[in-house]
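Take a look at the structure below.
Worth saying up front: this structure is predicted, and the values here are computed from it rather than measured. Positions are given from 1 along the sequence.
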Amino acid sequence: MLQMTKSAALYERAKAVMPGGCSRNTILRKPHPVYAAYGKGCYVEDIEGTKRIDFANNVASLIHGHAHPQIVDAVQSQLSKGTAFTVGTEIEVKYAELLVNRCKSFEKLRFVNSGTEAVMSCIKAARAHTGRPKIAKAEGSYHGLYDYAEVSQTANPSNWGSKTAPASVPVARGTPQSALDDVIVIPYNDPERAIEILNAHKDELAGVLLDLLPHRIGLIPAHADFVAALREWTLQNGALLIIDEVITLRTQFGGAQEPYDFSPDLTAMGKMIGGGFPVGAIAGRADVLEVMNPLNGPAAFPHYGTFSANPVTMTAGSVAMQMFDHAAVDKLNKLSEKARTGIAEAIKISGVPACVTGGGSMFRIHFRETAPTTYRDAYVGPEEQACISSLLDHFFANGFLMIETCTGVLSTPMTQFEIDRLCEVTLEGLRKINPKH
Ligand SMILES: Cc1ncc(COP(=O)(O)O)c(C=O)c1O
């Protein structure tokens with residue numbers, strides 16, 4: 001009789017105690033998940049002893065890969081001094097100082113524990129500041145699990161409605177209708193339609209939530225005219241512009257907002273700024289963030305969080321972000337550009353109708369000749385999904401970890417060697433899909 005692998009056996013135990021056998025659906029793969037034994041730099045070895053190059057980096061959260069010696073040393077030294085207190089720590093203050101100096105729109109900030117919490121806090125701050133109930137967001141964009149932030153994240157052709165009036169589609173069954181009614185869905189990269197929709201709700205909108213390089217919308221950049229239109233509209237109508245940089249902060253020293261000609265009111269952060277530990281942060285205009293200040297009477301937005309700004313996360317995050325300086329950002333982005341160019345070359349050689357999108361230290365492969373520009377364009381149908389799944393399987397079998405949309409993110413320990421390997425394996429995978437070339 002065939003013997004079960006260690007991972008298969010572990011998954012059987014997992015299914016007995018956790019719904020779906022896990023705490024986050026992200027780790028699932030067929031026929032069972034793989035389980036990590038250890039990670040070092042840009043490599044992860046699983047419990048079967050297979051080593052893979054990690055282009056998933058815990059869904060874009062590990063900018064220096066795994067177990068970076070400087071982060072490990074700093075965290076170890078903090079661990080022996082305590083991990084969480086009901087009093088403040090100096091490292092929280094130092095880290096806040098470091099982050100507010102990274103981006104001109106960060107006048108003040110507060111730490112939280114996840115990207116979901118950061119986006120939720122931005123939305124609550126915007127409501128508290130403006131006294132208005134609604135938010136607007138781009139159809140298809142992922143901003144975490146808060147009821148309002150997840151509206152229309154998975155909208156599909158059967159329920160997304162017309163382009164001029166996109167429907168507010170729930171993700172979770174049981175989402176209250178009132179939450180759906182309080183979210184106005186706008187089409188990504190379509191300034192004219194977006195402004196028309198916003199105008200119809202102008203007195204009720206607390207803010208517009210936007211990701212400038214949304215992974216779920218094809219990893220395609222927000223066009224400058226779309227961003228400019230939203231900035232102008234929010235300024236004219238007393239609403240706030242909230243930028244979700246939970247992933248995209250890694251794209252530039254000051255985040256994806258840096259190259260654009262605007263300054264948002266609020267920014268949500270997470271992932272990379274935890275240095276490998278759970279984290280989130282809300283940054284932005286000091287006068288807006290006053291809603292969280294309880295010193296002059298009850299705060300308009302009372303804000304707590306048992307593990308917020310715990311010294312382990314603060315230590316790891318501040319070491320990680322100090323190491324991700326201008327030179328490191330530049331080096332990583334140049335290497336990533338080589339990866340995107342190499343993948344584009346592999347696509348050309350293979351003759352497969354495909355393309356690569358992305359920016360900063362990220363890329364995503366699409367099975368269509370022209371890069372999409374909107375969510376409805378980027379929507380993955382069954383045929384494209386079959387190609388994506390087969391390429392993902394090929395990557396996995398050949399020693400790569402990728403994000404499930406066929407997206408990859410780089411980490412600073414990567415070198416030209418890993419990029420060359422990525423491009424070779426991409427070409428082999430594409431040739432399997434189009435065996436004529
Ligand atoms: C753009 C964006 N916003 C928010 C989140 C939520 O972050 P977290 O998973 O830390 O709650 C994510 C997570 O993938 C994200 O990609």
Salt-bridge contact R132-E204 (side-chain N to carboxylate O under 4.0 Å):
no
Under the side-chain hydrogen bond (donor to acceptor under 3.5 Å, both in side chains) test, which residues partner T415, sequence neighbours left out?
E418
CG (D393) and CZ (F395) are apart, to the nearest 0.5 Å, by 11.5 Å
Any cation-pi pair here, R127 with F301, using under 6.0 Å and within 45°?
no
Shortest non-hydrogen contact between P413 and H64, atoms and distance
CG-O, 3.3 Å
Distance-only, no hydrogens or angles: does the R52 side chain make a donor-acceptor pair with backbone N or O of F396 under 3.5 Å?
yes
Going by heavy atoms in the side chains, are C406 and L392 under 4.5 Å from each other?
yes
For residues 109-123, please give each side-chain donor-acceptor pair under 3.5 Å, one per line with the distance, not counting sequence neighbours.
from	atom 1	to	atom 2	distance (Å)
R110	NH1	H303	O	3.4
R110	NH1	H303	ND1	3.2
R110	NH2	M292	O	3.1
N113	OD1	S308	N	3.3
N113	ND2	E117	OE1	3.4
N113	ND2	S308	OG	3.2
S114	OG	T116	N	3.4
S114	OG	E117	N	3.0
T116	OG1	L145	N	3.2
E117	OE1	N113	N	3.2
S121	OG	E117	O	2.7

Q416 CD to L422 CG distance, which is reported to the nearest 0.5 Å
10.5 Å
I'd like to know if K40 and E45 make a salt bridge, using a cut-off of under 4.0 Å between side-chain N and carboxylate O.
no
State the CD-CG distance between Q252 and L212, to the nearest 0.5 angstrom.
11.0 Å
How about T426 and F400: do any of their side-chain heavy atoms sit closer than 4.5 Å?
no
Let me confirm one number: the OH-OG distance from Y148 to S178, rounded to the nearest 0.5 Å.
5.5 Å
Exam field: side chain H366 to backbone R368, donor-acceptor pair closer than 3.5 Å
no
Run the salt-bridge test on R340 and E337 with the 4.0 Å N-O cut-off and return the result as yes or no.
yes
Nearest-0.5 Å distance that lies between atom OH in Y38 and atom CD1 in I47
14.0 Å
When the side chains of residues 15-35 are checked against the rest of the protein, which donor-acceptor pairs come out under 3.5 Å, sequence neighbours left out?
from	atom 1	to	atom 2	distance (Å)
K15	NZ	E12	OE2	3.2
R24	NH1	N58	OD1	3.1
R24	NH2	N58	OD1	2.9

Between the CD1 atom in I243 and the OH atom in Y260, the distance rounded to the nearest 0.5 Å is 8.5 Å
Would a 4.5 Å heavy-atom cut-off, applied to side chains only, mark H66 and D54 as touching?
yes
Test item: T357 side-chain N/O and G218 main-chain N/O as donor-acceptor pair under 3.5 Å:
yes
More than 12 heavy atoms of other residues, nucleotides or ligands under 6.0 Å from CD of E383: is that the case?
no
Has the side chain of D377 got a donor or acceptor atom that lies under 3.5 Å from a matching backbone atom of A371?
no
